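Quick notes on the structure that follows.
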Amino acid sequence: MRVALPTSRATEVETPLLAIPVFSGDDGRGADFDAANAATGGLLARIADEEGFKAEPGKSLLVHAAGGAAQRYLLLGAGSRAELTAKELRGLAATACDEANGRHLTGCALVVPEGLAAEAAVHFATLGAVLASYRYHKYLTRDVEPTTCEELLVVVPGADVAALEAAVTRAARAGEAVNLARDLVNGPPREITPTRLAAVAEEIAEAEGLELRIFDESAIAEQKMNLLAAVGAGSDEPPRFIHMTYRPAGADEHTPSVALVGKGITFDAGGYNIKPTGSMEDMKMDMAGAAAVLGAMKAVAAYAPSYVVHGIVPTCENLVSGGAYKPGDVFCAKNGKSVEIMNTDAEGRLVLADALSYASSELKADRIIDLATLTGACMVALGPHTAGLMGNDDAFRQKVADAADRAGEDVWPLPLTKKLKGMLKSPIADMKNIGERWGGALTAGIFLSEFVGEQTWAHLDIAGPAYTEKPEPSVAKGGTGFGVLTLLELLDGEV
Ligand code: BES
Ligand code: MN
Ligand code: ZN
């Protein structure tokens, strides 16, 4: 997918399809509509009226028209003028690309309405195009609709186009990072193993000039990451611990650092607390946190933060076998705390515990954020599209919430209610790995908090938004790549 910024006026852009956001409400359909309408001798308004086109979000109308440089016009419902922000251009650009593809057109153009911040508009339009171009048809031998739309022209009237080129480049990098995360989540578990995630990390590190350490089973044992080893023990696929580092030029030991930690369970069968049919089918997605971290590390150089960024992925499978860990087992975590296993399906918090200990005690990262498809309870609380945000520092939690808001990803705070800590008491160990029935997302967060020490930390439970059954214009079915854009927005500022 190419994105380019033409310098001509909208009505003079030569394109197979010109998409125009159209407003509802009493102030008219907008200046861009009026200009195109004039260029077509009033045809657009006549057809919009005849077809009863309501310019509401999600509605669109295609009009073939002679006159003007475009072969077709796509009227995109944009709702009320006052409510439209640059973020909405992501969906509008994606719809334009989808319509162009559906008609086997080679490209399309999108007009940016006047009054939106040009740089943000270009950012979201580019993202929309790159995300809409995503397909996972590696294993399909039939029904492969070729994607024909390979270019989006973003028309920004009166803008200094040269100054906006950098926004296109960076948004394209961000979009490709999301698409990488989607590929990793959509890949079958037989293919996307811990070893494979390590190989992907190696490719990213090589291409982006990042440092990389991969810990194999013996290095994991040496690091005393006994919880990661325990979860991985039931599988023939060996576990891995991935540590990538972005270091800005001139960094020394005083340079502040951020650690991004992603849960990397490449298949979660539940272990001996095995999941029933209906709950296991999609569990290849249990590495979506890892995918988000790998995606963010792929694009981090384009954002060039002034601090060190660690990308950390504890990864293994959670299966059953003669060597698997059992309910009742006790293991000593990397930070020395003993954990009684009361449910082998609460494995994510175990592998994260060792990763968080590593980030806080070995790396002494100033800020730690983890992403994990951690609990079904979080989906019960917040629904399928919203991530739960927890943490031990109000200011950092707010930074993460603000970054998610800028990224257009939905997160909502959940409390780490102190009173619930008692639910994790074990008679024979420092704690057990599950609480009681109620507040499952919170007790998981409280469990994690025991492993971050004094460090500033935030936790995103992405069990809901990481995977979708209902496609949207810029989000295909399956892995969504959720979290990549929030992480990149976070890394775009001071943290
Ligand atoms: N990977 C699951 C959580 C999950 C569920 C993610 C549905 C995405 C969709 C996690 O490892 C798990 O099994 N959690 C248990 C915790 C319970 C045993 C305390 C759960 O949510 O049921
Ligand atoms: Mn589980
Ligand atoms: Zn899991």
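One-based numbering, in listed order, for ligands and for the atoms of each. In this text the structure is predicted, and so the values were computed from the model without any measurement.
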- Query: So, Asp286 and the Mn ion (ligand 2): N/O/S under 2.8 Å, yes or no?
  - Reply: no
- Item | the Zn ion (ligand 3) to Asp268: nearest N/O/S atom name | OD2
- Shortest-distance N, O or S atom of Glu347 relative to the Zn ion (ligand 3): OE2
- Verify whether one side chain among Asn186 and Tyr134 offers a donor that lies under 3.5 Å from an acceptor in the other. yes
- Query: Considering only protein heavy atoms, which is closest to atom 9 (C) of ligand 1, and at what distance to one decimal place?
  - Reply: Met283 CE, 3.5 Å
- Is the shortest side-chain N to carboxylate O distance from Lys275 to Glu281 below 4.0 Å? no
- Ligand-side contact atoms (ligand 1) for residue partner Glu347, heavy atom cut-off under 4.0 Å: 11 (O)
- Using the side-chain contact (heavy atoms from CB on, under 4.5 Å) rule, pick out the option among Ile341, Thr344, Leu228 that qualifies with Leu350. Ile341
- Message: What is the name of the N/O/S atom of Glu347 that is nearest to the Mn ion (ligand 2)?
- Response: OE1
- Apex the Zn ion (ligand 3); atoms Lys263 NZ and Asp286 OD2; angle rounded to 10 degrees: 90°
- Quick one: look at Ile434 and ligand 1, take heavy-atom pairs under 4.0 Å, and tell me if it's side chain, backbone, both or neither. side chain
- Note on the structure: heavy-atom search around atom 12 (C) of ligand 1 in the protein gives Asp345 O, 3.2 Å
- Numbering as shown, the atoms of ligand 1 that approach Met285 to under 4.0 Å (heavy-atom distance): 8 (C)
- Message: Suppose I only count heavy atoms of Asn343 and a 4.0 Å limit; which atoms of ligand 1 are within that range?
- Response: 18 (C)
- Only residue of Arg170, Lys399, Arg406 satisfying salt bridge (Lys or Arg N to Asp or Glu O under 4.0 Å) with Asp492 is Arg170
- Message: Could you tell me if Gln398 and Asp394 have a donor-acceptor pair between their side chains, going purely by distance under 3.5 Å?
- Response: no
- Item | For the Mn ion (ligand 2): the N/O/S atom of Asp268 at shortest distance | OD2
- Message: Taking Lys263 first and then Asp286, would you say they form a salt bridge - that is, a charged N and a carboxylate O separated by under 4.0 Å?
- Response: yes
- Message: Below 3.5 Å, N or O to N or O, backbone or side chain included: is there any such pair between Lys263 and ligand 1?
- Response: yes
- Would you mind telling me if ligand 1 is within reach of the side chain of Met342, the backbone, both or neither, using heavy atoms under 4.0 Å? neither
- Query: Do you see a donor-acceptor pair shorter than 3.5 Å between the side chains of Tyr303 and Glu489?
  - Reply: no
- What atoms in ligand 1 come closer than 4.0 Å to a heavy atom of Asp286? 1 (N), 11 (O)
- Message: Regarding Asp216 and Arg240, does a basic nitrogen lie under 4.0 Å from an acidic carboxylate oxygen?
- Response: no
- Query: Do Asn101 and Thr147 meet the criterion of a side-chain donor-acceptor pair at a distance under 3.5 Å?
  - Reply: no
- Closest to atom 2 (C) of ligand 1 among protein heavy atoms sits Asp268 OD2, 3.6 Å
- Should Thr375 be counted as touching ligand 1, given the test is an N or O pair under 3.5 Å? no
- Query: Is the shortest distance from a Lys or Arg side-chain nitrogen in Glu450 or Lys421 to a carboxylate oxygen in the other one below 4.0 Å?
  - Reply: yes
- Task: Locate the shortest heavy-atom distance separating Val351 from Cys316; write the atom from each residue and the value.
- Result: CG1-SG, 4.0 Å
- Message: Is it true that Tyr246 and His310 share a donor-acceptor pair across their side chains at a distance under 3.5 Å?
- Response: no
- Query: Between the side chains of Ser426 and Glu340, does any donor sit under 3.5 Å from an acceptor?
  - Reply: yes
- Give a yes or no on whether atom 22 (O) of ligand 1 lies under 4.0 Å from any heavy atom of the protein. no
- Shortest protein heavy-atom distance from atom 14 (N) of ligand 1, along with the residue and atom involved: Leu374 O, 3.4 Å
- Query: So is Gly376 polar-close to ligand 1, meaning N/O to N/O under 3.5 Å?
  - Reply: yes
- Numbering the atoms of ligand 1 from 1, which are under 4.0 Å from a heavy atom of Arg349? 16 (C), 19 (C)
- Output the list of atoms in ligand 1 that are nearer than 4.0 Å to some heavy atom of Ala463, sorted by atom number. 6 (C), 8 (C)
